Amino acid sequence: MAPEKEQAKETRLETMRHSASHVMAEAVKAMFPEAKFGIGPAIEAGFYYDFDLPRTLNPDDLPAIEEKMRSIIAADTPFTRKEVTKEEARRLFADQPYKIELIDELDDETVSVYQQGTFTDMCRGPHVNSTGEIKAVKLVSTAGAYWRGDEHNKMLQRIYGVAFDTQEALDEHLARLKEMARRDHRKLGRELDLFSIQDEFGPGLVLWHPKGAIIRREIEDFWKDEHVRRGYDIVYTPHLARMELWRTSGHLEFYLDYLYSPMDVEGQKYIMKPMNCLGHILIYKTKLHSYRELPIRYAELGTVYRYERSGVLHGLSRVRGFTQDDAHIFCRFDQLEDEITGVLDLALFMIDSFQFSNYQVMLSTRPDKCAGSPEVWEKATGILRKALERAGLSYEIDPGEGVFYGPKIDIKFESALGKAWQGPTIQVDFNLPPRFDVTYIGEDGQEHSVVMVHRTVLGSMERFLATLIEHYGGAFPLWLAPVQVKLIPVADRHLEYAHKLAGELKAAGIRAEVDTRAERINFKIRQAQLEKIPYMLVVGDKEAEAGTVSVRRRSGEQLADQPFDGFKKKVSEAIASRTMDIV
RNA sequence: GCCAGCGUAGCUCAGUGGUAGAGCAGCGGUUUCGUAAACCGCCGGCCAAGAGUUCGACUCUCUUCGCUGGCUCCA
């Protein structure tokens with residue numbers, strides 16, 4: 001489809017979804033005449049509307065509301081638009097406090113109202129011509145939502161719905177949701193025995209099981225090698241540090257909500273570190289640095305602890321203790337652009353290595369409350385922009401969304417099913433170098449403040465693994481697969497041959513296992529398949545005699561029988577080159 | 001933290017005021033088998049925790065903990 005046509009379709013869908021939210025509001029009003037209405041916009045795939053109702057909704061209410069919506073749609077009543085003065089609007093919505101609040105904030109002298117049937121709502125529009133144009137609708141969930149997203153306001157009741165052009169498109173969407181549930185990293189994490197999070201140990205704290213640990217270690221080794229290759233120095237810093245350090249940094253002030261309470265160690269207060277930067281700064285500061293030494297890049301897979309409210313914890317992607325793939329770059333201002341360019345290159349290399357394709361780049365600029373002068377911000381933001389352009393990346397500006405200490409670049413990428421994930425982030429820091437007096441000696445023999453860059457390219461091991469599990473649906477590429485080859489002896493008399501081959505594979509650095517159970521091969525194949533093991537080698541009389549193996553992929557595809565040595569070599573090569581598959 | 005829903009065996013789920021059930025997994029046997037589930041048997045639960053109502057609570061009420069979907073926030 002041509003881009004403009006695609007866009008037109010999107011707009012039309014959005015209009016229809018927005019109209020669907022009005023129809024839902026009408027249905028809700030029929031059920032609760034005293035309902036107060038918040039807002040009801042179109043969102044991705046559907047719409048929502050926020051209501052203030054006399055009683056709480058439960059999921060059983062949805063079918064009734066949906067039923068009412070269907071009758072409104074079947075009646076095919078027209079949407080009519082009317083312009084009224086603000087004064088008139090206030091009269092019209094006299095019993096609707098939320099609408100009044102919105103009217104009061106509008107700059108225009110007139111507001112538009114839309115009516116369908118007996119239901120009137122203040123709305124910018126546009127809408128479809130009549131309710132009959134709303135095709136396939138389904139209400140999916142209820143939720144509490146603060147009025148205007150502010151937790152100091154009253155919590156309203158939100159109903160989410162989805163709406164599409166055709167029933168087929170709706171069904172497709174529901175099927176996609178089902179597929180996403182099937183790939184949910186929490187579900188696959190348990191099924192594939194990768195990790196667990198247990199109440200008994202503590203919510204938001206991850207226990208990595210052997211198989212999950214293999215994947216993590218492979219990624220970490222890859223990450224470290226690549227960083228060393230790119231001129232980073234690997235460092236390690238402790239998980240606890242004296243609280244005073246965090247007062248100096250300003251975290252105690254700006255970051256208090258995320259910090260755990262201090263513990264007393266021989267009369268001194270210590271806290272779990274929420275970030276790795278201070279350790280790196282103190283390493284840097286153990287000696288004087290010449291301008292010639294810069295840039296210095298310290299990298300650490302650093303585990304940090306942050307308090308997260310109980311309601312926001314989610315599998316591996318939102319936890320209370322996590323390991324960032326962190327690094328801090330200390331450089332001169334004139335080196336900043338090259339350094340940012342280098343990080344962008346590394347970030348893209350990582351995205352590519354894990355086969356993510358769609359990504360979106362955001363550049364966040366100066367917020368109201370910030371450290372550093374506007375001029376320095378302006379200059380640094382310009383440098384980030386230049387680096388992005390040099391890398392040939394298109395990006396969007398997120399005005400005022402920078403961290404208080406400097407502008408930043410965020411890259412979001414999409415998993416195979418189109419779910420968006422927070423990926424690499426690069427932040428310039430104007431706050432810490434002056435606070436900790438982080439300097440170098442310049443050509444002029446004087447001390448100069450360094451420019452500091454915080455960056456991650458994966459985010460955190462926990463969140464990144466969540467992404468990967470869902471991206472691959474648990475079927476990891478060969479180099480990451482916890483078990484790479486499963487040997488399946490046809491009968492007990494083939495155990496010896498299977499063990500011999502497994503031994504040779506292991507000697508070649510390939511993770512191989514023999515299924516020694518007294519089961520039929522159908523059963524063993526099914527098991528291996530469910531475990532998403534890349535290759536199954538069925539070995540029986542034929543193979544033992546000829547020194548060959550019968551290779552089956554986890555996709556179910558059967559490869560030609562082949563000499564074992566050739567198979568071993570191909571697997572070794574595929575692992576080394578981190579390709580998805582052999583041949 | 002807030003709103004709603006949920007919490008029964010390792011997993012997936014039945015049960016609904018009268019002292020708990022299935023399939024899979026696990027364990028013990030039998031079967032030695034050629035590309036997605038062989039057969040028989042056994043074990044397994046303070047029904048999330050605590051309090052209350054009741055002659056009697058997995059079931060009803062309250063509190064706490066946790067999980068799920070949102071809100072807010074973020075690696």
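Given the structure is predicted, the values throughout are model-derived calculations rather than measurements. Just so it is clear: chains get the letters A, B, ... in the order the sequence lines come, proteins before strands, and each one is counted from 1.
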Surrounding CD of A/Gln198 (heavy atoms of other residues, nucleotides or ligands, distance under 6.0 Å), is the total greater than 12?
yes

Is the NZ atom of A/Lys36 crowded by more than 12 outside heavy atoms at less than 6.0 Å?
yes

Among the nucleotides [options], which one has an atom lying closest to any side-chain atom of [X]?
X        : options                : result
A/Ile525 : B/rA36, B/rG70, B/rA75 : B/rA36
A/Arg186 : B/rU32, B/rA75, B/rG69 : B/rG69
A/Glu151 : B/rU72, B/rC71, B/rC67 : B/rU72
A/Gln422 : B/rA75, B/rA36, B/rU32 : B/rA75
A/Leu530 : B/rA36, B/rG70, B/rC74 : B/rA36
A/Asp199 : B/rC65, B/rG1, B/rA38  : B/rC65
A/Ala518 : B/rU31, B/rC71, B/rG34 : B/rU31
A/Arg493 : B/rA75, B/rU32, B/rG34 : B/rU32

Listed pairs, N/O of protein and of nucleotides 8-14 of chain B, under 3.5 Å:
residue	atom	partner	partner atom	Å
B/rU12	OP1	A/Arg190	NH2	2.9

Going by an N to O cut-off under 4.0 Å, is there a salt bridge joining A/Arg455 and A/Asp326?
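A/Asp326 and A/Arg455: not salt-bridged.
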
Looking at the base of [N], is there any donor atom on it, or on the side chain of [X], that sits under 3.5 Å from an acceptor on the other one?
X        : N      : answer
A/Arg463 : B/rC74 : yes
A/Glu308 : B/rA75 : yes
A/Glu543 : B/rG34 : yes
A/Asn522 : B/rU35 : no
A/Tyr307 : B/rG1  : no

Is there a Watson-Crick or G-U wobble partner for B/rG23 with both distances under 3.5 Å, and which nucleotide is it?
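Checking every strand shown, B/rG23 finds its partner in B/rC11, with both distances under 3.5 Å.
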
Return the OH to NE2 distance between A/Tyr232 and A/His328, rounded to the nearest 0.5 Å.
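That separation rounds to 11.0 Å.
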
Would you say the base of B/rG70 stacks on A/Tyr160 (centre-to-centre below 5.5 Å, plane angle below 30°)?
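The ring of A/Tyr160 is not stacked on B/rG70.
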
